[in-house]
Structures are given as structure tokens and as C-alpha cells.
Amino acid sequence: MAANEEDMLEGVLLRDGHDDKCGKNDEGNCYYSILAPLLKRCYSHRNEIRKNMHNLELLREMQDVCSDFDDSAKRWDDRLQCLIGIRNDEIANGLLDETSDRAYNVRENFREANMLLGIDSIEVYEFFSRLKKERPMEQRRFASNPLSFTDDSLSNACHSFLMFAQETFRTALNLVLEHERCQATSSPVATIDNLWEKGQHFLLRGRAHYNIGLTMYELARSGAATERRQVQHRGGGQVESSTPLLMKARDEFDKAVERAKSVRHNTLLIRRHPNAKDTSSQSIYSWTTEAIMQLLEAIKLEMLASESYIASSWKLGKTEAVKERFDGVFESVEVSDVMNFANTKGVSLLEVAEVVCDMYWLSMRVAALFTEHLESLSVGKDWDLSTGEGFFQIALKAMDRVRMISSQVLKFDEHHSLDYAKERDIAKANIILQEENEIRKWWETTKMQASKRLSSSGCEATVFPRGDVFGELGVSSSSEVVDPRITRRIIVQSDDRLFQNRSKSYRTTRVKNKDSSGDGDIGERFSSEFCPSNEGAANAMGTPSSSMGRAMHTQTVFRKWGNEVLEEHERRRCCPALPDNFADMGISIDVIRALEKKLGLVLPAKN
């Protein structure tokens, strides 16, 4: 998009003349007064980066990422004007009832526009976030035409787009609440149509809560919250630390889970209704089919929100909350029950596979978190052995759940020739069992070595030795010593997992048309809700293949570092020895000596 075209777009979106005061019938102006300044800030920071981006390759990539955002912004503005018009001209003058179908459709169109605009905003955020993270590498890549924009400008853009996305999701949530209020007023009788509509409102509300929580989580995780200190001097809002943001995000995820449970309960009422076998007003199928499809959407939301709830609880150090949520999810949802829904006429096989795969990834995240925590023993920090044993048992339970789900979903996938699970890198049960056995062996060997060290030192048998006193676990001349890290093949995950392999249909009633499959890095899926990469979490947008998939085919090779390259009597940290073939590489003796002099305090002693 040319500069003058974008400036013209800003003029359309940020028109003057709206009343900033919110009266009884001008909620549309309220939405404008809240969102317009944030949108203007997004465009301002984006234009600043664009004007200082002299590399054509990056500029084209940025324009591609922003094109969907611009289209969504235009649609958002059009639907906002429609909402303002109908409220100020018709509802305010008594010409139209706010509970009418026409008023409902206008509100719903604007709600959907807010959800889609928020998702696209997250995708733009992900692009700038990735650019900020990779900026040093990009500087080298484009050395002949260096990047002239600064980290501050990228941080400001990241923060602006995240905050704007958060407010669009809040607006969508408020509109759903209006739907519910109008429904309660106009249709107090619990007909089967009203029950289904009530379930849809619960679902939309839960998705909005989830998206709000995810923007808060991303603010805390990316460090944008702390970087706001610089933004504050330019008129930004109040600075919040990561912990309060994580707590707020966790609360939003919890609300999303509660709404999903409300949907599940509501679908039971529909399926037990006397008219459940009648053809629904929503499709050619029965109300029973409609209820099951709604139930599958609710379970997907519950899995996604529970995974995010677990991730935020873990960062807050609330391991008991992680365990309780994990146990609670699988006590209330049986994989076999979900897969049996595939026998119902009109139920999508892909929907069933998608739900079960989400259950797989939830268990995988729990297994990854607790195995990573077990690894902290190997760095020599004091830790209660009984606590470690408890974490080990939870990790095994999660792995067992992963293996069970894998076996069923791959069989289902193959039977129906879907190839869905394979595309999402669902590991085979025998591979999962192999990794589980390796983790068992690693843990038992780690405990045995710790006991030997403790018995020789006279310490209590419930506490692991400190690395600065006894050396790090796994460091010994004995060939029987265990590696301090677990060798991972399938249990590889990061925070980006929250954005992986999710379609935009999770967040709005209609799927946004795109050429891509929706599995990308945050560009593609808000990395998972917004997928960072399809994608990053791909993402939400972007990456052709996930880290999980790569991990299944490549084994991480660790190079010794720090104390690992020292003899037991040595205590200082060091780096690996310089290569012996420097001269063969064409490096002069002067450069070699300069390196040896500069790194003399950290290079290992020569034999």
C-alpha cells in the first residue's frame, strides 16, 4: 500500500465529528471513542517503521502482513457506522426495537468485525515482535541496506497493536452481553431455538474472554509490559508488571473455561428436549446434531483455554493449580465419547479429530512443563526429593494420556483417511512409550547418583546437593553418570505452542477466507489463537512446520559448556576450547593470540 493510500485510509477510519460522551443510545460512539485513539496509535507506529524501512524485501513482507488488517479495519469502520446509524436514527426515535432481528444482526456484524480485526491486529503484532527478536540477524542479512528503525519503535508498535486487539475483544464481549440481555427480554421461554442461541452466546463470550487473556499473556511474556515505561513518557497508560498481567490473563482463561462448561451443560438440555430430533432452524440437520457440533466447539475452547490457564499458572509458580486443572479436564471429557460423535449424521469428522488433537496437545504441554522442571535438579539447586517424585508422577500421567490419545486419534485418522493428525505431528504411541521409558531411566539414574553424592557428603537424603559445592549433577569421570538434560524427541514445547495449529474459527462464528490453511505462525493464526506462525504458534502466523514436527525427526545434540568441560577440582566457569584448525581456516596468528588473550580467563587450561 502506498503512503498516500494509507494516509487516506486513516482519514476514513479516524473521521472527526463523533461525540465522545456516551449517552443511553449512543453506545456506538462509545466504542469509537475508545477504539479510534488506539487504532490511530497503531497506524502512527506502523507508519514510523514503514518510513524508516529501506529494505524492499522486508517492506513487501510488512505490507503483505498488514493488508488483512487494513481490510478488516475498513470493514470494522463500515459496520460501526451502521451500528451508530441504527441506534441514533431508529432505536433512539422509537422506530426500531433493540430486540428486533435487524438490530441483532447489526450488532452481530459489528461483533464479528471486532473479533476479526483483533485477530489481524495480533498478526501484525507478531510480525513486529518477530522482527524485533530477529533484528540483529536481519541487520547482518541486509548489511548493504541496514535497518534504520529502532527497537523502541518496534516495541511501541508491538504494544499498540496488542492493546488495540485487547480492546476489540472487549468490545466483542460487551456486544455478546447485549445479545444476552435482549434475548432475556424478548424470549423468556426456553424453546429449543432459544436454548441453542443461548449456547452460542456462551460460546462467543468464552472466545472473547480467551482472546482477552491471550493478549494479556502475550504482553507479559514478550516483555511489552515492562517496555511500556518508555511509552508512558509519550502519553501511554499505566505501567503494569508481568505478574499482575499474568494473573489477569489467568482469570480470563478461567472465565473462558467456565463459559465452555456452560455450553456443554446447555447442549444436554437441547439433546433432552422433546423436539431434539426435529430439523433445526439453523441447518438441514436435527437439533441433536446442532447440539453436538456446539458441544465440540465448547470442548475445543475448554482445551485451548485450559492449556493457556496451565501455562500462565506455571509461570506464576502455581503447580497445584496446574495439576488440578489437568485432572479436572480429563475427568470431565472422555476421548472415546468425543470420537463416538463421529457416528452422528451431519457431524464433521475433521471437527472430531480437531477436538481430540487439542486434548493431545494439552497433555503434551503438561508433560513438557513437568519434565523441564525435573531437569532443574541437574543444575545443582536445593530441592526436596519428594517434590521431585511428585512432579515425575504427574509427568508420567501426562505421557500416558498423550500415548492413549495418540493411539486413538491416529487410528481414527487412518480409518477415515483424514491425514489431519499426521499433518499436526501427532507422535505414534510406540515413540511416546520409548520417550517415556527414557524419562523413567533418566529420573532413576539421577536419583541414584544424587543419593551416592549425599551419602558421601553426610547430607540429608531428601535434598539434592548444590552444584557449587559438589559440582553439577552429571559431571564425573565415571561413564555411568547421567546427562543432566532429558533427551527430547517429542516433548519439545515453548510459549509459542499456545499459538499453534488453531484455526480462526475458534474465535468467531465465521471463518475468515484466506489462501492459507490457517496453520501458520502468528500471522496465520494469532499464533494459535493468534498464531505466531502457523506458525509460531503458528503460530499465528507463519511457519511452514512446527517445532514439534522438527523435534520428532531430529535429536538435539548438546555440546558441553561451562562446568561440563572442567575437571571435578575446577570451580570457575569457562567456554569451549578454541578450535585447533584456526590456521587452516585462514585466520592469522595475530587474531588467534588476540582471542586467547581476551578469553584467557574463561578458556579451559591446555593439557
Side-chain angles (χ1 to χ4, degrees), residues 9 12-15 18 22 25-36 38-39 67-93 95-123 164-187 193-194 196-212 281-283 294 297 503-514 526 529-530:
L9 174 63
V12 172
L13 294 175
L14 306 175
R15 56 175 61 87
H18 290 292
C22 303
N25 295 315
D26 59 357
E27 291 93 340
N29 286 336
C30 265
Y31 295 140
Y32 185 90
S33 64
I34 294 172
L35 290 168
L38 294 173
L39 180 58
S67 62
D68 282 346
F69 178 84
D70 293 335
D71 292 342
S72 293
K74 291 178 181 178
R75 179 170 54 248
W76 173 86
D77 186 69
D78 290 342
R79 293 182 178 180
L80 172 62
Q81 302 315 311
C82 184
L83 179 67
I84 292 175
I86 197 174
R87 283 179 166 169
N88 291 348
D89 299 337
E90 299 184 48
I91 295 178
N93 295 323
L95 302 177
L96 183 69
D97 194 315
E98 65 176 355
T99 64
S100 66
D101 289 344
R102 181 161 174 257
Y104 180 95
N105 290 334
V106 171
R107 282 197 309 271
E108 174 58 20
N109 286 338
F110 185 52
R111 182 207 65 80
E112 184 187 52
N114 275 277
M115 291 293 281
L116 291 176
L117 181 56
I119 293 167
D120 287 334
S121 181
I122 292 298
E123 293 179 354
F164 178 69
Q166 187 176 129
E167 287 302 323
T168 60
F169 298 141
R170 289 190 189 281
T171 298
L173 176 61
N174 290 332
L175 289 164
V176 176
L177 294 176
E178 285 189 52
H179 286 342
E180 294 179 328
R181 176 173 55 81
C182 291
Q183 184 194 36
T185 301
S186 62
S187 306
D193 294 74
N194 289 342
W196 182 86
E197 186 176 346
K198 181 179 181 180
Q200 283 299 104
H201 292 160
F202 283 147
L203 195 58
L204 296 177
R205 188 148 42 116
R207 289 169 177 166
H209 278 303
Y210 175 81
N211 285 5
I212 292 170
S281 60
Q282 305 298 319
S283 68
Q294 198 174 74
E297 288 294 325
S503 71
K504 290 184 177 180
S505 62
Y506 292 7
R507 296 166 294 286
T508 182
T509 53
R510 288 189 289 242
V511 180
K512 187 175 181 184
N513 293 326
K514 279 193 162 203
F526 174 28
E529 199 35 72
F530 303 177

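Small disclaimer: the values here were computed from a predicted structure and weren't measured.
One finds the CZ atom of R170 at 9.0 Å from the CG atom of N174 (value rounded to the nearest 0.5 Å). Atom CG of L116 sits about 5.5 Å away from atom CZ of R75, to the nearest 0.5 Å. One distance of note links CD of E167 with OG of S121; it measures 11.0 Å at 0.5 Å rounding. The CG atom of D97 sits 15.0 Å away from the OH atom of Y104 when rounded to the nearest 0.5 Å. Atom CG of N114 is separated from atom CZ of R111 by 9.0 Å, given to the nearest 0.5 angstrom. In this structure, L80 CG and N109 CG are separated by 12.5 Å, a value rounded to the nearest 0.5 Å.
D77 contributes no side-chain N or O that, together with a main-chain N or O of A73, makes up a donor-acceptor pair within less than 3.5 Å. A distance-only check finds no donor-acceptor pair linking the side chain of E98 to the backbone of I91 [under 3.5 Å].
Residues R79 and E108 fail the side-chain proximity criterion, which asks for heavy atoms closer than 4.5 Å. Side-chain contact between R207 and E297 is present, with at least one heavy-atom pair separated by less than 4.5 Å. For the pair R102/E90, a side-chain contact is recorded, criterion being any heavy-atom separation below 4.5 Å from C-beta on. You'll find the side chain of F69 reaches within 4.5 Å of the side chain of L117, heavy atoms only. At least one side-chain heavy atom of E180 sits under 4.5 Å from a side-chain heavy atom of R205. In this structure the side chain of W196 reaches within 4.5 angstrom of the side chain of Q294, judged on heavy atoms.
Ring geometry for F164 against W76 counts as perpendicular: the plane angle is over 60°, on a 0 to 90° scale with 30° as the lower cut.
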(request) Tell me, with the steps shown, if R87 and R107 meet side-chain contact (heavy atoms from CB on, under 4.5 Å). (result) CA-CA 10 Å; R87 283 179 166 169; R107 282 197 309 271; 3.5 Å; yes

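Residues G118 and T168 share a closest heavy-atom pair of CA-OG1, 3.2 Å.
For the side chain to side chain contact (heavy atoms under 4.5 Å, CB included) with M115, the qualifying choice from T171, L173, N211 is N211, the only one to do so.
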